[in-house]
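Each chain gets a letter, A, B and so on, in the order its sequence line appears, and its residues count up from 1. Just so you know, these numbers use all the heavy atoms, side chains as well, and skip hydrogens, waters and symmetry mates.
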Protein chains: 2
Amino acid sequence: MTLKELQYIVTIAEEKSISRASARLYVSQPYLSQCLMRIERQHDMPLFRRTQHGLVLTFAGEQYVETARKIVKLYNDFETGLCEISNMRKGRLTIGTTIHLGSMVFSTILPIFRELYPNIELRLEEGPSQKIEEYIIASKVDIGLLHCPLKDSAISYIPIRENNFVAVLHKDSHLEEFFYKKEESPYPFIDPKHFSGEKFVLAYPYQRVRQIADQILAAAGIQPLSCLNTSSVQTAMCLSAVGLGVSFMPENYISLFNCPVEPQFCRMEEEFGAKWTMAVAYDSKDMLSGPAKEFIRIMKENM
Amino acid sequence: MTLKELQYIVTIAEEKSISRASARLYVSQPYLSQCLMRIERQHDMPLFRRTQHGLVLTFAGEQYVETARKIVKLYNDFETGLCEISNMRKGRLTIGTTIHLGSMVFSTILPIFRELYPNIELRLEEGPSQKIEEYIIASKVDIGLLHCPLKDSAISYIPIRENNFVAVLHKDSHLEEFFYKKEESPYPFIDPKHFSGEKFVLAYPYQRVRQIADQILAAAGIQPLSCLNTSSVQTAMCLSAVGLGVSFMPENYISLFNCPVEPQFCRMEEEFGAKWTMAVAYDSKDMLSGPAKEFIRIMKENM
DNA sequence: ACCTATTACGGATTACGTAATGATG
DNA sequence: CATCATTACGTAATCCGTAATAGGT
C-alpha cells in the first residue's frame, strides 16, 4: 500500500473516469489504468464496475475509498504537524534538573519561555546531578541544568552563571572573632583555615555541594575529622544553625529555606574556590533542538 | 509513504535497534538503516536519536509512530473486511424491482436470504421495468427483478417462473355467455376474440402489463378502439369491476388488491400468450457477485 | 472517426541484497 | 574483537512514460 495508490483510487472514484483522474493526478492514462488493475489484482477483488457512464465503486471499492480517505487525512495531519514542529509552534522540551536549581531557575525562565512558545510541551525530570548526566546520555532529557564540574566527557555544557558558596555557622559562633566585613557582601568574610578542628555537616560524596565543600577544605588545608552527613542542603543548614558543625552551601539558596534558628553565613575569599558554576548541559553528539536552543538563549539573557 | 515504511519505523521504535528490527522484518540490516535515513531525509527531520542504549524516538518520531500505528490498523481492518466480503460474511446486494414484484417476491425470499447471510446489507430500488433496466446498465443495482421481454440486449436474464394473465370484467358482464370452465383453474375461460368492440382499461405503452395486453389483443385480432389509461394495475382492475372496460392483469396479482366491487376474472387459452415470465436480470458483461448468485439460487428453489 | 480503457514495451528510478568501513564498548 | 550503524555498489523489480490496440457511441 502506497499513499499514491490510495490517492489514485480516491481520485478515480471521484472522477468516475480514468482519463479525467489521470489528468488531475498528472500521470498518463494508461499508467493509471494499469495501477488500478494491479491494485485490484493484489486484493483479488474489483474495486470498480466499468459502465457506460463511467466507473462506479463496488462494495469493496467503497470500503477501500473510505479507508483511503481516513489514511490520507491521518498522514496529511501528521505532515502539517511536522511543519509546526520545525516552526516551533509545536514540540516538546524535556529538561533535567537538580531539585533546587529547578525551583530557582524555572520560576523566572519558564514563564518567559511559555509566553514565547505556548505550544511547546515542557517536561521536567528531577534528580541528583549524576542522574541528570545519565538522562542526557540516554536522551531521556534534551538538556540538563546542573553544576560543574561534569563527570561525563560526552556531555557538552554552556556555563550560565557562577554562585558563591557560604559557610554556615552557629549564630553565636566562637569564630566570630575572625569575621571581617567587605563592601561587596552583606555577609562577613572568614578564612576557612579557622575551621580546622571544627565539626562539619556535609552532603554525601556523590553530591555536587559536597564536592565544592571538599574543594574549599582542601584549599584551606583541612581534613575534616568529624562530620555528619545529610543529603539535604536545607537540613545541613539547619543543623549548622544549632551548632552541630560547619556546612557549606550556595549563597543564592539561602532564600529558599527557613530554619527555626537563624544561622550565621560567612563568605570566603576567591582563592578557596568557594563557588560553583551553573551550566546547561547536553549530549555532545546530538544536535540541540530548536526549543532547547531557545531555552538556553533565554537562560543566558535572564540570569 | 508506504505501508512497509510505516512498519519499518514502528518496528525500529519497538526494538530500539536497527539490527533487531531488521531480523524481525526479514530485511538486511544495512537496508533498514538506509530506509530509516531516507525517511528522515524525506521529512527533513530525525525520527530517532542514536544513543548508546539504542535508538530512542524524537518528538517528531513519536508523532510518526503514533500516526503509523493508526494507519496500519486501518489498513489491516480493511483487509480483513475484504476477506469477509469474499466469504460473504459481509457485503451488499442491491436489487431493482417493479413495485408489485417486490411485494410478492421479497416477502418469501428475503427472510430466507437474511437467515443465511445476516450480515449482507440489502437495498431495494423500485421503479418501472424500464428504470430497472437502466439501473442494471448503470450498475446502480446488482440484479433486477422484472418481466420479459427485456428491451436492452446488454442485459442477461434468468427466467424464474411464468404467470398467467386474466381478463378483468364487470361482475355481471354480458359476455358471461361465452365463459367455459376448465379443471386447471378456478376462473372460467373466455376467448378474447369476444372482446372485439368492447372498451378497455389499459396501462401506458411503456408498461410491461400493457405490452402483454397488446399482445393478447393482437393475437385475438383486435385493435382497441376506446380505452382508458392508468398506470396502476389496481386502478385498472377496479375500473373494470364497475364496467368501465376490459383490462388484463397477472393472475397472481389478484390477491394483492381489494376492490369495492368484486370483478369477474377470466383465463384465456395458451395460444393468445396471456402470460408473462418473471426473470432476474443482470448486466451481461458484469460478473455476478456472490450474494447475487445466492439470491438467484434461493429464488429458483423457492418460487 | 472519436473518446476512453487496456495492452506492449522501453528507460529511469527504486528496492534490497552483499561486502566493506566506521564507531563504540 | 565483537557488535551495531553506515557507506559502497550491483542486480532485480517497479515506476511511469509513449505507442499501439480494442471497445463502444
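- Counting any heavy atom pair closer than 4.0 Å across all strands shown, R20(B) reaches no nucleic acid atom.
- Under 4.0 Å is where a charged nitrogen must lie from a carboxylate oxygen, and between R123(A) and E121(A) at least one such pair does.
- Residue contacts for Y26(A): at a heavy-atom cut-off of 4.0 Å it reaches the sugar-phosphate backbone alone, with no base atom in range.
- An OP1 or OP2 oxygen of dT4(C) is reached within less than 4.0 angstrom by no side-chain nitrogen or oxygen of S33(A).
- E162(B) places no side-chain N or O within 3.5 Å of a backbone atom of M278(B) that could act as its donor or acceptor partner.
- Judged by closest nucleotide on DNA chain D, T2(A) is the one of T2(A) and Q52(A) placed further toward the 5' end.
- Aromatic pair Y157(B)/H147(B): ring centres not closer than 6.0 Å.
- Within 4.0 Å of K285(B), counting heavy atoms only, lies no atom of the nucleic acid at all.
- With the nearest nucleotide of DNA chain C identified for both G54(A) and Q34(A), G54(A) has the one nearer the 5' end.
- Atom-to-atom, CG of D286(A) to C1' of dA23(C) comes out at 15 Å; the value is rounded to the nearest Å.
- For DNA chain D, the outermost nucleotides in 5' to 3' order that have an atom under 4.0 Å from a heavy atom of chain B are dC4(D) to dT7(D).
- Contacts of K4(A) with the nucleic acid, taken as non-hydrogen atoms under 4.0 Å apart, involve only primed sugar atoms and P, OP1 or OP2.
- Between the side chain of N87(A) and the main chain of R89(A), no donor-acceptor pair closer than 3.5 Å is present.
- Between the CZ atom of F48(A) and the P atom of dA5(C) there is a distance of 11 Å, rounded to whole Å.
- Residue E79(A) forms a side-chain contact (heavy atoms from CB on, under 4.5 Å) with just one option from H43(B), Q63(B), M1(B), and that option is H43(B).
- For Q29(B) and S28(A), each mapped to the nucleotide of DNA chain D holding its nearest heavy atom, the one lying further toward the 5' end belongs to Q29(B).
- For the pair R41(B) CZ and dT14(C) P, the computed distance is 10 Å after rounding to whole Å.
- A donor-acceptor pair is defined here as one N or O able to donate and one able to accept, closer than 3.5 Å; such a pair exists between the side chain of Q211(B) and the backbone of P205(B).
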Can I get a per-line list of side-chain donor-acceptor pairs under 3.5 Å for residues 11-21 of chain A, giving both atom names and the distance, sequence neighbours left out?
from	atom 1	to	atom 2	distance (Å)
T11(A)	OG1	Q7(A)	O	2.7
E14(A)	OE1	R24(A)	NH1	3.2
E14(A)	OE1	R24(A)	NH2	2.9
E14(A)	OE2	R69(A)	NH2	3.3
E15(A)	OE1	R20(A)	NE	3.4
E15(A)	OE2	R24(A)	NH1	2.7
S17(A)	OG	S19(A)	N	3.2
S17(A)	OG	R20(A)	N	3.0
R20(A)	NE	E15(A)	O	3.4
R20(A)	NH2	E15(A)	O	2.6

